[in-house]
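A note on names: the letters A, B, ... follow the listed sequences, proteins ahead of strands, and every chain is numbered from 1. Any value given below was found using the heavy atoms of this structure, including those in side chains, with hydrogens, waters and symmetry copies removed.
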2 protein chains.
Amino acid sequence: MGVGDGPVEAPEGERIADGLTVVDPAEAAAEVGPEETVLVSGFGGVGYPKAVPEALAADGRAKALTVVSGGGVGDEIDTQLFESGSMARRYPFQTKPASREAINSGTVGFHDRHISRVADELRYGGLVDADTAIVEAVSVGEDWLVPSTSIGNTPAFVEAADRLIVEVNAAQPRSLSAVHDVYTRKKPPQREPIPLVDPVGRIGSPEIGFAPSKLVAVVETDRPDDPYTFREPTGIDREIAAHLASFLSAEIERNPLLGARVPLQFGVGSTGNALLEALSAVEFGDREVVYFGEVIQDGLLDMLDAGALAGASATSLALSADGQERFFASIERYAEEVVLRPADVSNAPGLIDRFGVVGVNSAVEVDLYGNANATHVGGTHVVNGIGGGGDFNRNCPIGIVALPSTAAGGEISRVVPMVPHVDHTEHDHSVVVTEHGVADLRGLSPRERAVALVEVADPAFRGDLRAYRERAERGGGNVPHDLETALSWHVEWGE
Amino acid sequence: MGVGDGPVEAPEGERIADGLTVVDPAEAAAEVGPEETVLVSGFGGVGYPKAVPEALAADGRAKALTVVSGGGVGDEIDTQLFESGSMARRYPFQTKPASREAINSGTVGFHDRHISRVADELRYGGLVDADTAIVEAVSVGEDWLVPSTSIGNTPAFVEAADRLIVEVNAAQPRSLSAVHDVYTRKKPPQREPIPLVDPVGRIGSPEIGFAPSKLVAVVETDRPDDPYTFREPTGIDREIAAHLASFLSAEIERNPLLGARVPLQFGVGSTGNALLEALSAVEFGDREVVYFGEVIQDGLLDMLDAGALAGASATSLALSADGQERFFASIERYAEEVVLRPADVSNAPGLIDRFGVVGVNSAVEVDLYGNANATHVGGTHVVNGIGGGGDFNRNCPIGIVALPSTAAGGEISRVVPMVPHVDHTEHDHSVVVTEHGVADLRGLSPRERAVALVEVADPAFRGDLRAYRERAERGGGNVPHDLETALSWHVEWGE
């Protein structure tokens with residue numbers, strides 16, 4: 001397979017190697033059985049296959065597909081395949097209204113697993129038995145392909161699937177090969193320490209290898225990604241960013257872990273992108289600032305262009321359309337500082353811990369003791385999935401949950417007595433930041449945490465939170481709760 | 001400091017090096033201020049300092065100590081210091097009625113953090129500012145000590161504290177040095193991959209180094225540990241073990257991760273020890289079976305003696321008194337197969353993941369979607385703390401939660417609609433086992449998980465669980481809940 005055996009020569013010549021036959025998307029889609037398990041490339045809304053899923057949805061034969069992606073993908077998969085009634089299951093992350101609605105209505109099954117674990121589970125079984133991988137590439141040969149704007153879990157997908165369909169997308173620059181670093185972890189007991197000592201170092205090759213017999217179809221497309229649109233930062237985003245900047249400024253001065261290098265990670269989406277603004281207000285001095293996260297967002301390009309970032313490691317170029325254009329225009333230059341890795345490397349618990357990453361992730365809500373719900377509104381209705389939030393929150397020495405103190409125009413508090421769904425426990429992250437300040441939970445008892453967290457809640461809810469705290473403490477316990485009313489706010493909001 | 005720079009010569013001569021002055025425990029205790037932060041050795045109820053904490057409790061000056069241990073310690077610390085009113089805070093794990101009561105009444109603050117994270121947090125700040133470390137050793141020199149029956153976070157404690165008091169315990173064999181492998185992780189950005197490729201390999205030295213100026217007192221003791229007493233396995237333990245054995249037998253046949261080597265971890269305590277019996281019923285064939293966990297319990301000695309285990313790695317010899325006697329009588333022989341490491345190595349997320357450990361841990365209760373409460377009865381009253389349960393559950397490719405289906409003589413179900421405290425989320429572990437069978441949650445949607453988990457609940461509660469499930473599903477959602485009644489079982493049990 002050649003993967004992980006060291007760098008492979010960058011492929012020369014045409015995007016599609018001589019000897020490979022190109023078929024139209026409908027013909028490729030016909031290779032997929034109506035109840036198959038299909039693994040699709042894509043992460044952060046980019047690098048996903050477009051023409052074959054669309055053809056599959058149009059074809060209408062598929063009735064009960066299981067679709068597994070690395071992370072977020074586009075409408076061809078998470079809208080069209082859902083609306084065509086083709087879906088039975090969807091793992092482990094999605095971002096579209098159609099997929100969300102089908103999952104929350106119970107018509108499509110969802111399995112919400114930490115991103116870092118999915119590659120092993122596909123390779124070695126337990127999650128699904130994979131049939132066909134459909135993968136977007138910038139070039140393909142008899143036994144290799146070069147991924148496009150994301151890597152995600154594509155190396156594991158290509159390995160785990162029986163058959164492989166490759167979409168070669170002419171809208172994705174071929175020179176994207178310059179940013180890829182595909183390292184494949186061996187199977188235990190042969191598995192070695194991931195040999196990455198520099199967060200933005202390189203240990204792999206630009207290509208993903210595969211057994212030639214797997215390749216059943218090659219399709220040509222010429223369609224750009226339809227990536228996330230980042231909203232403009234709001235006033236509240238800016239207030240959160242200012243508090244985050246104050247915290248980081250003080251922390252880098254006092255924490256020996258950050259004395260020489262500050263490795264950062266920011267969560268996927270508009271909030272994460274907006275909070276990158278915080279970094280411009282931090283005096284890093286002569287510390288090296290690097291990004292070791294899951295996705296490259298637009299804010300990171302600004303920092304790279306300004307010379308404020310020594311480099312960035314992720315698994316996806318989750319840029320806006322404008323950001324992609326900017327990146328594509330200067331790939332060779334950016335490739336000196338940007339590297340994309342498989343998601344089981346970008347999100348590896350051992351690396352996050354080894355590098356000492358400072359992670360900033362959002363949540364739907366936090367409770368008085370610091371538990372965070374990052375996935376399920378009302379405790380029941382999934383938004384996107386946990387993604388890599390748990391990989392980072394749990395393994396960062398300094399995990400920060402950053403969120404506005406309210407939702408629904410101030411009607412709903414995001415600091416609540418008890419979260420009705422827990423994705424990050426009180427044992428995981430260290431700090432909660434809202435537009436009202438910083439609650440540094442390190443070394444605090446649960447009762448002290450509750451006092452600190454009330455202070456970062458919206459003032460309109462602080463009285464009720466204090467009343468809950470006092471009522472709860474009457475029952476005693478290390479983590480006091482009044483179970484009769486712990487979820488009453490959510491009951492009321494749900495009515 | 002010499003730590004982590006490679007093997008150091010095993011110390012020769014007397015237990016206490018020439019030139020060091022021995023003082024009595026009261027004199028050593030007088031070195032500790034009344035509101036200090038004190039770091040004590042000890043993990044799994046063994047290797048903790050005995051005489052100085054006892055003298056500190058008898059002295060009565062201490063009024064507001066913060067005491068941080070690696071894991072569980074003895075009565076001299078968690079009973080006497082609590083009963084003498086010396087305590088203000090206790091981190092991050094305790095096991096005694098006196099400590100538990102003080103924490104649950106809110107008079108002593110508790111901070112419940114993953115074991116693997118504590119070493120870094122002590123070294124680099126954030127958790128506490130440490131004053132004095134009190135450490136049990138089998139021998140001590142001017143700038144080194146050899147720990148006794150546990151390592152835990154002692155290397156970090158010795159590094160983080162300003163002052164060091166060493167108790168040299170003549171009841172602990174000096175030859176315990178043969179089992180110790182102290183590897184100290186460097187501070188990022190110099191931190192390297194932990195160079196352990198064999199779960200029972202050695203990468204460090206038997207000693208912990210320290211700056212000579214830190215050593216303020218050496219005390220001699222001659223008192224054995226007062227370790228856990230394991231209860232005899234119950235009939236229910238044996239039924240759980242039988243289901244666990246069935247699962248493991250099938251899994252090793254189908255899972256390529258376990259094709260050549262089966263690395264196992266079992267949780268601390270009687271349930272964990274009892275479940276080790278399951279392994280005698282599994283046909284491992286020519287697979288190498290190794291233990292990579294947190295504590296060595298009696299059941300592992302049986303396996304080592306029977307040749308059923310190639311080796312065992314942990315941070316503590318959490319043996320019964322009989323088990324210690326048996327181990328001490330043949331240390332040199334056991335040392336060929338047994339190694340103790342610092343807790344940030346024994347529990348390192350990167351190693352658990354790298355080796356592909358199969359972890360078996362218990363819980364207070366699980367809910368219909370697989371979330372587990374491992375720490376707080378009724379969601380409020382702490383038992384012991386999370387310890388290393390999260391380190392393993394979260395990073396094991398196959399994490400198994402094993403628990404009896406009921407408590408309180410069958411009056412209380414341990415499978416509940418919603419757990420009121422979450423330590424291990426639905427995203428973490430893979431399998432739940434009770435005396436009624438195995439719920440393999442891999443690849444299941446939350447609604448499917450609920451069906452599977454009802455089947456491993458006690459039959460007396462299955463009807464009510466199904467009724468909850470149906471009521472919850474009427475509200476829709478990926479994780480259906482009826483928030484008005486989600487915690488009603490706990491409310492009733494608490495009355």
Side-chain angles (χ1 to χ4, degrees), chain A residues 103-106 109-114 120 124-128 187-189 191-193 197 254-257 260-261 349-350 353-356 376 379-382 386 390 394-395 397 420-423 425 427 442-445 447-448 475-481 483-484 486-487 490-491, chain B residues 103-106 109-114 120 124-128 187-189 191-193 197 254-257 260-261 349-350 353-356 376 379-382 386 390 394-395 397 420-423 425 427 442-445 447-448 475-481 483-484 486-487 490-491:
Chain A
I103 290 165
N104 284 322
S105 70
F110 184 60
H111 182 78
D112 197 4
R113 185 77 163 137
H114 300 293
D120 267 9
Y124 309 120
L127 188 62
V128 293
K187 188 178 70 179
R191 181 168 290 176
E192 292 157 355
V197 288
R254 62 150 290 285
N255 193 329
L257 278 178
R261 184 176 69 195
D353 172 57
R354 187 190 306 165
F355 296 143
H376 285 79
T380 55
H381 284 62
V382 72
I386 191 165
R394 169 67 183 79
N395 294 292
H421 187 91
V422 177
D423 297 288
T425 76
H427 316 290
R442 290 175 293 183
L444 299 189
S445 71
R447 289 169 193 238
E448 291 168 330
N478 179 49
V479 180
H481 268 301
L483 296 186
E484 287 199 60
L487 300 175
H490 293 86
V491 170
Chain B
I103 290 164
N104 283 323
S105 70
F110 184 62
H111 181 78
D112 198 5
R113 185 77 162 136
H114 300 294
D120 267 8
Y124 309 120
L127 188 62
V128 293
K187 188 179 70 179
R191 181 168 290 176
E192 293 158 352
V197 289
R254 62 149 290 285
N255 193 328
L257 279 178
R261 184 176 71 195
D353 172 58
R354 187 191 304 163
F355 297 143
H376 286 78
T380 55
H381 284 62
V382 73
I386 191 166
R394 169 68 183 80
N395 293 292
H421 186 91
V422 177
D423 298 287
T425 76
H427 316 290
R442 291 175 291 183
L444 298 190
S445 71
R447 290 169 193 237
E448 292 168 330
N478 179 49
V479 180
H481 268 302
L483 296 186
E484 288 200 59
L487 300 175
H490 293 86
V491 170

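For a residue to count as touching a neighbouring chain, one of its non-hydrogen atoms must lie under 4.5 Å from one of that chain's; by this rule Pro480(A) touches chain B with the backbone only. Contacts of Glu484(A) with chain B are made by both backbone and side-chain atoms, with heavy-atom separations under 4.5 Å. Only the backbone of Leu444(A) comes within contact range of chain B, with at least one heavy atom under 4.5 Å from a heavy atom of that chain. Using a 4.5 Å cut-off between heavy atoms, Val128(B) does not touch chain A at all. Both the backbone and the side chain of Arg354(A) come within less than 4.5 Å of a heavy atom of chain B. Looking at His376(A), the atoms closer than 4.5 Å to chain B (heavy atoms on both sides) all sit in the side chain, from C-beta outward.
The side-chain heavy atoms of Phe355(A) and Pro188(B), taken from C-beta on, include no pair separated by under 4.5 Å. For the pair Thr425(A) and Thr425(B), the minimum side-chain heavy-atom distance is below 4.5 Å.
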*Evaluate the criterion side-chain contact (heavy atoms from CB on, under 4.5 Å) for residue pair His421(B) and His481(A); output intermediate values, then yes/no.*
CA-CA 10 Å; His421(B) 186 91; His481(A) 268 301; over 6 Å; no
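No other option in Ser105(A), Gly106(A), Ala486(A), Pro193(A) has as many heavy-atom pairs under 4.5 Å with chain B as Pro193(A). When each of Gly476(A), Gly379(A), Gly475(A), Gly390(A) is scored by its heavy-atom pairs under 4.5 Å with chain B, the top score falls to Gly476(A). With chain B as the partner, the residue from Pro349(A), Gly350(A), Pro256(A) showing the most heavy-atom pairs under 4.5 Å is Pro256(A). For chain A, the option among Pro189(B), Gly443(B), Ala260(B) with the highest count of heavy-atom pairs below 4.5 Å is Gly443(B). In terms of heavy-atom pairs under 4.5 angstrom with chain A, the leader among Val382(B), Leu487(B), Asn255(B), Asp353(B) is Asp353(B). Contacts with chain A were tallied for Arg113(B), His114(B), Arg447(B); His114(B) has the most, counting heavy-atom pairs under 4.5 Å. Note on Asn395(A), Val491(A), Leu257(A), Ile103(A): by heavy-atom pairs under 4.5 Å with chain B, the leading option is Leu257(A).
No donor-acceptor distance shorter than 3.5 angstrom exists from the side chain of Asn478(A) to the backbone of Asn104(B), with no hydrogens or angles considered. Listed for the His427(B) side chain is a donor-acceptor partner under 3.5 Å among the backbone atoms of Asp112(A).
Under the side chain to side chain donor-acceptor pair (under 3.5 Å) criterion, Arg254(A) pairs with Glu251(A), sequence neighbours left out. With sequence neighbours excluded, the residues satisfying salt bridge (charged side-chain N to carboxylate O under 4.0 Å, His left out) with Glu448(B) are Arg89(A).
The heavy-atom pair separating Arg442(A) from His111(B) by the smallest distance is C-CE1, 4.2 Å.
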